[in-house]
Amino acid sequence: MSGAVRRPLAVAALATGLLLGTSGCAGIGQPEPYESLGINGLVIPTPTPAPADFVDDVDNPWLPLEPGTRMTYDLTEDGRTTGRMVVDVLDGTVPVAGLAATAVETTTDPGDGTTTVETHLYAQDEAGNVWLVGADSAASSWRAAEDGAEAGLAMPADPRLGDGWLSYDVPGLPRASATIEDQSSEMVQLLDEAGTTTRTVYEKGVGLVGLEDLDAGWTAELVEG
């Protein structure tokens, strides 16, 4: 996907309000909650991931993390573009609790003269669920199964409308949670709570296509990746 121009599907979804509105999947069709494996039976958060239950690659269609991928987002506030966010899936892996985690580096330039860099570590289990197993930022650093930190779910293999879970549970940090609040056959929208409230939208086969910080009032839209 690296270097490709965004496809119309994601742009149209953002424009019709899947990301920025609360009226649902306009023109796409809203499914009813349904029975499936979903997150049933998973222990979330999990204090000690079992390496034997995990695979080497993260290829969940809602959150594919192919090493070398770069995705670029325009940051917008009050109707004008203010900065950029660049997300890189790094080559190689990082050992976390016996797992070979995939590192994703996010560089944010909001256009105010500051730049922040955060790294999140992900691992996928045999069923296709993607777990957040660690993170590094200027404010904090944690790894699953160390100092009481527990890995949480980043994206289920089978997203189901209404499902919610903890994204991580780390001593000293706000507990982070996510809920599927909207869904279509091609898009999933999450409401994320972790000290701040954000709305994130994922396109099947692409990954994160947009987000909105509901507290600060800015949005990010995928423009290249």
Next item on the list: Report yes if the side chains of Val104 and Leu65 come closer than 4.5 Å at any heavy-atom pair, otherwise no.
Entry: yes

Check: When you check the gap from the basic side-chain N to the acidic O, do Arg199 and Glu181 get nearer than 4.0 Å?
Finding: yes

Checklist line | Asp125 (side chain) donor-acceptor with Asn129 (main chain) under 3.5 angstrom | finding: yes

Margin query: Using a 3.5 Å distance criterion without hydrogens, assess whether the side chain of Thr76 forms a donor-acceptor pair with backbone atoms of Gly79.
Written below: no

Next item on the list: Sort and list the pairs that fulfil salt bridge (charged side-chain N to carboxylate O under 4.0 Å, His left out) and have at least one residue in residues 81-96, not counting sequence neighbours.
Entry: Arg70-Asp88, Asp74-Arg84

Note to self: A side-chain contact here means heavy atoms from C-beta on lying under 4.5 Å apart; do Asp59 and Gln124 qualify?
What the structure shows: yes

Notebook entry, point to check: Which pair of non-hydrogen atoms, one from Val94 and one from Ala103, has the smallest distance, and what is that distance?
Noted result: CG2-CB, 4.2 Å

Notebook entry, point to check: Do Thr107 and Thr115 have side chains that get closer than 4.5 Å, going by heavy atoms?
Noted result: yes

Check: Within the distance-only criterion (no hydrogens, no angle test), does the side chain of Tyr73 pair as donor or acceptor with the backbone N or O of Leu208 below 3.5 angstrom?
Finding: yes

Margin query: Can you confirm whether Asp112 is buried at CG, in the sense that more than 12 heavy atoms of other residues, nucleotides or ligands lie under 6.0 Å from that atom?
Written below: yes

Notebook entry, point to check: Under a 4.5 Å cut-off applied to non-hydrogen side-chain atoms, are Tyr202 and Val209 in contact?
Noted result: no

Next item on the list: Provide the closest heavy-atom pair for Pro156 versus Trp62 in the form atom of the first, atom of the second, distance.
Entry: O-CD1, 4.5 Å

Note to self: Using side-chain contact (heavy atoms from CB on, under 4.5 Å), reason through Tyr122 and Val133 one step at a time and then give a plain yes or no.
What the structure shows: CA-CA 6 Å; Tyr122 299 92; Val133 298; 5.9 Å; no

Note to self: For the backbone of Glu77 and the side chain of Trp218, can you confirm whether one donor and one acceptor N or O come within less than 3.5 Å of each other?
What the structure shows: no

Note to self: Whether the side chain of Glu186 engages the backbone of Glu203 through a donor-acceptor N/O pair (distance < 3.5 Å, no angle test) should be reported.
What the structure shows: no

Checklist line | Nearest heavy atoms of Gly98 and Pro51, plus distance in Å | finding: O-CB, 3.6 Å

Notebook entry, point to check: Counting heavy atoms not belonging to Asp215, are there more than 12 under 6.0 Å from its CG?
Noted result: yes

Next item on the list: For Glu212 and Thr219, indicate whether the former's side chain and the latter's backbone hold a donor-acceptor pair under 3.5 Å.
Entry: no

Notebook entry, point to check: Can you list the steps and then say if Trp131 with Leu42 is a side-chain contact (heavy atoms from CB on, under 4.5 Å)?
Noted result: CA-CA 11 Å; Trp131 297 77; Leu42 296 179; 4.2 Å; yes

Margin query: Tyr168: which residues meet the ring-ring contact (aromatic ring centres under 6.0 Å, His included) condition with it, sequence neighbours left out?
Written below: Trp142

Checklist line | Shortest non-hydrogen separation from Val130 to Leu63 and the atoms involved | finding: CG1-CD2, 3.9 Å

